[in-house]
Undergrad: 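My structure is below; once you've seen it, I'll send some questions.
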Number of protein chains: 2
Amino acid sequence: MSNQEALSQYDSSLFRTPDGYTSDIAVFTITSHQLAEYTPPKMTLKLMLIKRALLNAEGQTNIEAGKWALPGGFVQAAESGFEAAERELEEETGVSSIHIKHFGVYDKPGRDPRGWILTNAHYAIVPEHSLVKRKANDDAAEVELFSIDEVLTLELAFDHYDIIKEAINRITNDLLQTTVAQNFLPNYFTYSELQALLLTVTKDPAISSDQSFARKIKTLPFIQAVPGEKTQRTSKSPTQLYEFVDIDVVKPIYTARY
Amino acid sequence: MSNQEALSQYDSSLFRTPDGYTSDIAVFTITSHQLAEYTPPKMTLKLMLIKRALLNAEGQTNIEAGKWALPGGFVQAAESGFEAAERELEEETGVSSIHIKHFGVYDKPGRDPRGWILTNAHYAIVPEHSLVKRKANDDAAEVELFSIDEVLTLELAFDHYDIIKEAINRITNDLLQTTVAQNFLPNYFTYSELQALLLTVTKDPAISSDQSFARKIKTLPFIQAVPGEKTQRTSKSPTQLYEFVDIDVVKPIYTARY
DNA sequence: ATGAACAATTAACTAATTGTTAATCGTTTA
DNA sequence: TAAACGATTAACAATTAGTTAATTGTTCAT
C-alpha cells in the first residue's frame with residue numbers, strides 16, 4: 001500500500017476547488033525629512049498603494065477599477081505565495097531581496113466578485129529611494145504613498161481595508177517587539193535615527209527621551225556599537241554608529257515595567 | 001463600465017487554479033500534574049496529533065498513511081479557512097468557541113503529492129479535559145498528545161514538520177508577549193498557576209522566582225486581583241485569585257531590561 | 001491540642017535601572 | 001571667536017529587581 005496507489009485514486013475534480021490564488025503586498029517605507037543638515041531626521045511611516053486602472057492589459061474593463069489597492073497578483077502553480085509576493089514586488093517597485101513577511105490569509109466567501117479567490121497578505125519593508133524608480137504596470141494607473149492616518153480613509157478595493165488595517169497593526173508590533181526595524185535603517189545607524197524610526201509607531205517616553213534612549217541603546221544585547229565608526233549626518237559633532245546583532249529576542253510582557 | 005461588465009469577461013478556466021484548499025490545526029493543551037493536594041501544578045505543553053489511517057472513508061488507500069499529522073481537512077467554498085478550522089476542531093475534539101489563531105500558509109510546490117494543495121495553518125488552545133472526549137474519525141486511526149520535545153522526532157506527514165516547528169515557535173512567543181495564556185487557565189487563577197504555565201516556555205528567573213513573580217503580578221495592568229476570591233487548590237492557606245483584564249499590551253524590546 | 005509542613009505573602013536590604021535636569025564635548029558657521 | 005546644537009556624560013532621587021529571611025494560614029499526623 002503505497003502513496004502511489006493512493007494517488008491514483010485521488011481526483012480533485014470530485015469537489016470544488018478555488019478559482020484563484022493570489023498574493024498581495026503591503027509595501028511600507030519610511031519617508032525621512034531632514035529639516036537641515038547635521039540634524040536628526042523626522043520620519044513618517046507610509047504605505048504604497050496603486051490605483052486600479054480602468055482597463056486591464058487585454059483592454060477589458062478592470063475589476064474594482066479606480067479604487068486604491070495593494071499591489072499583488074496571481075500565484076503561479078510552480079511558485080509559493082511568498083515567491084509570488086517577491087516577484088510582484090520586484091515587478092512593481094524594482095526591489096528584490098528585501099524583507100517580506102506573510103501575515104494572513106483573506107478568504108471570506110464573497111470577498112472577490114470574480115469567484116472563490118484567496119489572497120495571501122504580506123508586508124514588505126523597502127527603503128524610500130527604491131520607490132523612486134517605481135513604474136506603473138498595465139494594471140496600475142497610479143502609484144502613491146499614504147500616511148498611516150490617511151490610508152484608511154480612502155476608497156479601497158476588495159477587502160483591502162481589513163488587510164491594510166491588520167498590516168499596520170502587525171508592522172507596528174513587529175517594529176517594537178522584534179528587530180525588523182533594521183530593515184528601515186542603513187546597516188550602520190545612530191541612536192537618533194533608530195529613535196526617530198521607533199517614534200513613528202510609539203510615544204513611549206523611554207524612547208522619546210534622548211538621554212534615556214542614548215543610554216539604553218548601549219545595553220541592548222541585539223545592538224552593538226561599531227568601534228571607531230562615526231558619522232556627522234545627524235549632528236555636527238561626530239556620532240557613534242551602531243549595528244544590529246543577529247539574535248532574536250523575546251521579552252515577556254510579564255517582566256516589563258508599567 | 002461596471003464591475004458587472006468586468007465580471008462577465010473574467011474566466012478562471014484560462015489559467016491554472018489550485019487543486020485543493022485545506023486548513024490544519026495544531027491543537028495545544030497543557031497537561032497539569034498536581035503531585036499532591038494543596039500544591040501548585042507542574043504543567044507541560046503538549047500537542048495533539050493523529051495517526052493517519054491506512055484506508056480512508058471510501059475504503060481506498062490513504063495518502064501519507066501511518067504517519068503522524070495535524071488534524072485538518074478541506075475548506076468548503078461557502079466557508080473561510082478559519083471557519084473550516086473551527087469546524088474541524090469541533091469534529092475532532094468536540095470543542096468549540098475556543099481560541100484559534102491563524103499563523104501561516106504552506107504552499108510550497110510539491111508539498112502534497114496529490115497536486116497543488118494549499119494549507120492554512122492554525123493553532124488552537126484547548127483545555128485538557130476537552131481532549132478526553134476526543135474521538136477518532138474515519139481518517140484518524142489514533143490520537144495522542146506529545147510533548148514539545150518529542151514531537152519533532154516523529155515521522156510526520158507532508159510538511160507538517162515545518163508547520164509544527166513554526167506553531168511551537170508562535171505559541172511560545174504569544175504566551176510570553178500577549179495575553180493568550182488566559183486560554184490555558186480558568187477565569188480565576190492563582191499566581192502559581194500562571195507561573196507554572198509560563199514556565200513551560202521560559203526559564204526567566206523573574207518568572208521562576210516565587211517571590212518576584214508574586215510581587216510582580218500585582219503591578220501588571222492586564223491582570224487584576226478578584227476582591228475576596230480565594231482558593232485552596234494550590235495551597236493549604238487560601239490564595240488570592242486573579243483574572244485577566246481585556247486590554248492588549250505591546251511592550252517594546254527597546255525598553256526591556258537585559 | 002500541638003507542632004511539623006508547606007504555599008502564600010510580607011519584610012528587608014542591596015544592587016541596578018529609570019526619569020530628569022544640568023553640564024560638557026566637538027564641530028560648524030556666522 | 002563665540003553662538004548654536006546634537007551627542008554624550010554626570011549626577012541624583014525615585015523606583016524596581018533579585019535575594020534571603022521571616023511570617024501567616026491552614027492541613028494533617030501524632
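Residue numbers begin at 1 in each chain, while the letters A, B, ... track the order of the sequences. Given the structure is predicted, the values throughout are model-derived calculations rather than measurements.
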Undergrad: Mind calculating the distance between CD1 (I207(A)) and P (dT18(C)) to the nearest angstrom?
TA: 12 Å
Undergrad: Testing E37(A), E193(A), Q34(A) one by one against R233(A) for a side chain to side chain donor-acceptor pair (under 3.5 Å), which residue passes?
TA: E193(A)
Undergrad: Are K216(A) and dT18(C) close enough that a side-chain N or O sits under 4.0 Å from OP1 or OP2?
TA: yes
Undergrad: In whole Å, what is the span from the CD atom of Q211(B) to the P atom of dA7(C)?
TA: 12 Å
Undergrad: Distance criterion of 3.5 Å, no angle test: do you see the side chain of S237(A) paired donor-to-acceptor with the base of dG6(D)?
TA: yes
Undergrad: We want to know whether Y254(A) and D204(B) form a side-chain donor-acceptor pair, criterion being a heavy-atom distance below 3.5 angstrom.
TA: no
Undergrad: Under 4.0 angstrom, heavy atoms only, what part of the nucleic acid is P205(B) near: base, sugar-phosphate, or nothing?
TA: nothing
Undergrad: What integer distance in Å separates E37(B):CD from dA29(D):C1'?
TA: 15 Å
Undergrad: Classify the ring geometry between H122(A) and H102(A) as parallel (under 30°), tilted (30 to 60°) or perpendicular (over 60°).
TA: perpendicular
Undergrad: Which whole-number value in Å describes the distance from Q195(B) CD to dA7(C) P?
TA: 11 Å
Undergrad: Measure CG/D204(A) against P/dT18(C) and give the value in whole Å, please.
TA: 11 Å
Undergrad: What is the distance from CZ of F213(A) to P of dT18(C), rounded to the nearest Å?
TA: 12 Å
Undergrad: Side-chain N or O of K218(B) less than 4.0 angstrom from OP1 or OP2 on dT10(C)?
TA: yes
Undergrad: Can you check the Q232(A) CD to dT29(C) C1' distance for me, whole Å?
TA: 13 Å
Undergrad: Go nucleotide by nucleotide along DNA chain D from the 5' end; which of R215(A) and Q240(A) gets its closest nucleotide reached first?
TA: Q240(A)
Undergrad: Answer yes or no: is there a side-chain heavy-atom contact under 4.5 Å between D162(B) and K165(B)?
TA: no
Undergrad: Find which nucleotide of DNA chain D each of Y258(A) and Y38(A) is nearest to by heavy atoms, and output the residue with the more 5' nucleotide.
TA: Y38(A)
Undergrad: What class does the angle between the rings of F222(A) and Y258(B) fall in, given that below 30° is parallel, 30 to 60° is tilted and above 60° is perpendicular?
TA: perpendicular
Undergrad: May I have the distance from D210(A) (atom CG) to dA22(C) (atom P), rounded to whole angstrom?
TA: 15 Å
Undergrad: Heavy-atom nearest nucleotide on DNA chain C for S209(A) versus P238(A): which residue maps closer to 5'?
TA: S209(A)
Undergrad: When you measure only distances, ignoring hydrogens and angles, does the side chain of R257(A) come within 3.5 Å of the base of dG19(C) through a donor and an acceptor?
TA: no
Undergrad: Considering just the side-chain nitrogens and oxygens of T234(A), establish if one lies under 4.0 Å of OP1 or OP2 belonging to dA7(D).
TA: yes
Undergrad: Using a strict threshold of under 4.0 Å (side-chain N to carboxylate O), is an ion pair present between E83(A) and R87(A)?
TA: no
Undergrad: Whether K236(B) contacts dA5(C) is assessed here as follows: a side-chain N or O lying under 4.0 Å from the phosphate OP1 or OP2. Is that the case?
TA: no
Undergrad: Hey, does the side-chain of R233(A) have a donor or acceptor N/O within less than 3.5 Å of a partner on the base of dG6(D)?
TA: no
Undergrad: Does OP1 or OP2 of dG19(C) have a side-chain N or O of S212(A) closer than 4.0 Å?
TA: yes
Undergrad: The side chain of T39(B) lies closest to which of these nucleotides: dA7(C), dA7(D), dG6(D)?
TA: dA7(C)
Undergrad: Does a nitrogen or oxygen in the side chain of S192(B) sit under 4.0 Å from OP1 or OP2 of dA8(C)?
TA: yes
